[in-house]
2 protein chains.
Amino acid sequence: MSDAPPLPGAPVRGSKSGKPIMALFDLLGRNWAMGILWQLSGGPLSFRALQEACGGVSPSVLNKRLKELRACGLVAQNGGYCLSAQGAELFTLLKPFGPWAEKWAEGLHSPPPG
Amino acid sequence: MSDAPPLPGAPVRGSKSGKPIMALFDLLGRNWAMGILWQLSGGPLSFRALQEACGGVSPSVLNKRLKELRACGLVAQNGGYCLSAQGAELFTLLKPFGPWAEKWAEGLHSPPPG
DNA sequence: GCTATCGCTACTGAAAGAGTAGCGAATCGA
DNA sequence: TCGATTCGCTACTCTTTCAGTAGCGATAGC
C-alpha cells in the first residue's frame, strides 16, 4: 500500500469503509503511534529525544510516524516536535488508558475471581 | 518476535520498559485489535460475522488477534466471541474516540481557522 | 579545523499482514 | 442417509512493515 496516512474518508489498510473511527484506528494502530503521542504529552521533544523516549525506536519508523501524525494534524513541529491542539485533545481521551493499564496488569498477574 | 501477547511486565515489541501502558499500546497497536473491540461492543459475533464486520480481514490475522485479546483477558468466547468484563471496561475508554474521530474528520476536510 | 550533536535518509534482514484455498465438524433440508 | 451449506480455523504465498545499523549534510562550540 502507499505511504499515505489514513485520512478519514479514504479507504484504510484492509478496509474500504472509510469510517473516521476506522481511519483513526488505522493511524493509531501503527507501531509507536500512540507511544509517540504519549511521550509528547509531557512536552516538546527533539527528534532524538523522542527516539530515546520511545525505547530507541528506529529513526526510519519514527520519522514515518511523525510525518503521518503531522499530516493528520495531531503533531506539530516548531523546532522540536509537540502535540497540536487536536493532538492534545486526543491525548485527553488517551490519558485514562494509563491507570486502566495498571489495573489491568495487576489483574493479569492474579487469577480472576470465580 | 514470538507469538506471545504483550503481557505487561514483559518486554514489548521494540521496547524493554515493560510498562503496562506500553504493553497495552503494543496490544492495541496491532492491526485490527481496536477494530475488533469496537465491533464486539455491539454484542457477540461469530468468527465469520466478525470477519465480515472487519471489512473481510484475513482469518489468519483475525484468529491471531482473537487469541491475543483472549490471552490478555479482553475478549471471551462462549459460543461466538464477545467482550469480557475487562474488555467492556476498556471499551468505555475507547468509545469517545468515535465522536472525536467524526469531528477530526471534518477538521481535516476544511482548513483550520487562522 | 576538529569534534559533537542535530534531523533525517538509505540500506538489509526479519516479522507481520493480506489474500486465497481448503480442512474437519456441525447443521440443514430432502 | 445423503448432499449442500455454514462454521471455526489452519496453511500457504506474496507483499508490506518494522527493527537495526550506518551514515549524510547542517549547525554549534572549541
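A, B, ... follow the sequence lines: proteins, then strands. Residue 1 opens every chain.
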Inset, instruction - Please step through side chain to side chain contact (heavy atoms under 4.5 Å, CB included) for the pair A/Val57 and A/Asn31, ending with a clear verdict. - result: CA-CA 10 Å; A/Val57 59; A/Asn31 218 346; over 6 Å; no
In whole angstrom, give the distance that lies between atom [atom1] of [X] and atom [atom2] of [N].
X: A/Leu66; N: C/dC8; atom1: CG; atom2: P; result: 8 Å
X: A/Leu50; N: C/dC8; atom1: CG; atom2: C1'; result: 13 Å
X: A/Gln51; N: D/dC18; atom1: CD; atom2: C1'; result: 14 Å
X: B/Phe47; N: C/dC23; atom1: CZ; atom2: P; result: 18 Å
X: A/Ile36; N: D/dC18; atom1: CD1; atom2: P; result: 11 Å
X: B/Glu52; N: D/dG8; atom1: CD; atom2: P; result: 12 Å
X: B/Trp32; N: C/dA16; atom1: CH2; atom2: C1'; result: 16 Å
X: A/Leu62; N: D/dT17; atom1: CG; atom2: P; result: 17 Å

Counting just side-chain N and O atoms, does [X] come under 4.0 Å of either OP1 or OP2 of [N]?
X: A/Tyr81; N: C/dC8; answer: yes
X: B/Gln77; N: D/dC9; answer: yes
X: A/Asn31; N: D/dT17; answer: no
X: A/Arg30; N: D/dC18; answer: no
X: A/Arg48; N: C/dC8; answer: no

Could you work out which one of [options] sits closest to the side chain of [X]?
X: B/Pro59; options: C/dG17, D/dC18, C/dT20; answer: C/dT20
X: A/Lys64; options: D/dC18, D/dC9, C/dC8; answer: D/dC18
X: B/Lys67; options: D/dT10, C/dG7, D/dA22; answer: D/dT10

Legend entry - Sugar-phosphate only, base, or nothing, as touched by B/Ser60 at under 4.0 Å among non-hydrogen atoms: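 If one applies the 4.0 Å heavy-atom cut-off, B/Ser60 turns out to touch a base.
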Inset, instruction - Evaluate whether atom CD of B/Glu52 has more than 12 neighbouring non-hydrogen atoms of other residues, nucleotides or ligands under 6.0 angstrom away. - result: no
Inset, instruction - State, with a plain yes or no, whether a side-chain heavy atom of A/Arg70 is found less than 4.5 Å away from one of A/Arg65. - result: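 Not touching, per the 4.5 Å side-chain cut-off.
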Inset, instruction - Drop me the distance from B/Arg30's CZ to B/Ile36's CD1, to the nearest 0.5 angstrom. - result: 12.0 Å
Inset, instruction - If the plane angle is over 60° it's perpendicular, under 30° parallel, otherwise tilted; pick one for B/Phe97 and A/Phe97. - result: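 Plane angle over 60°, so perpendicular.
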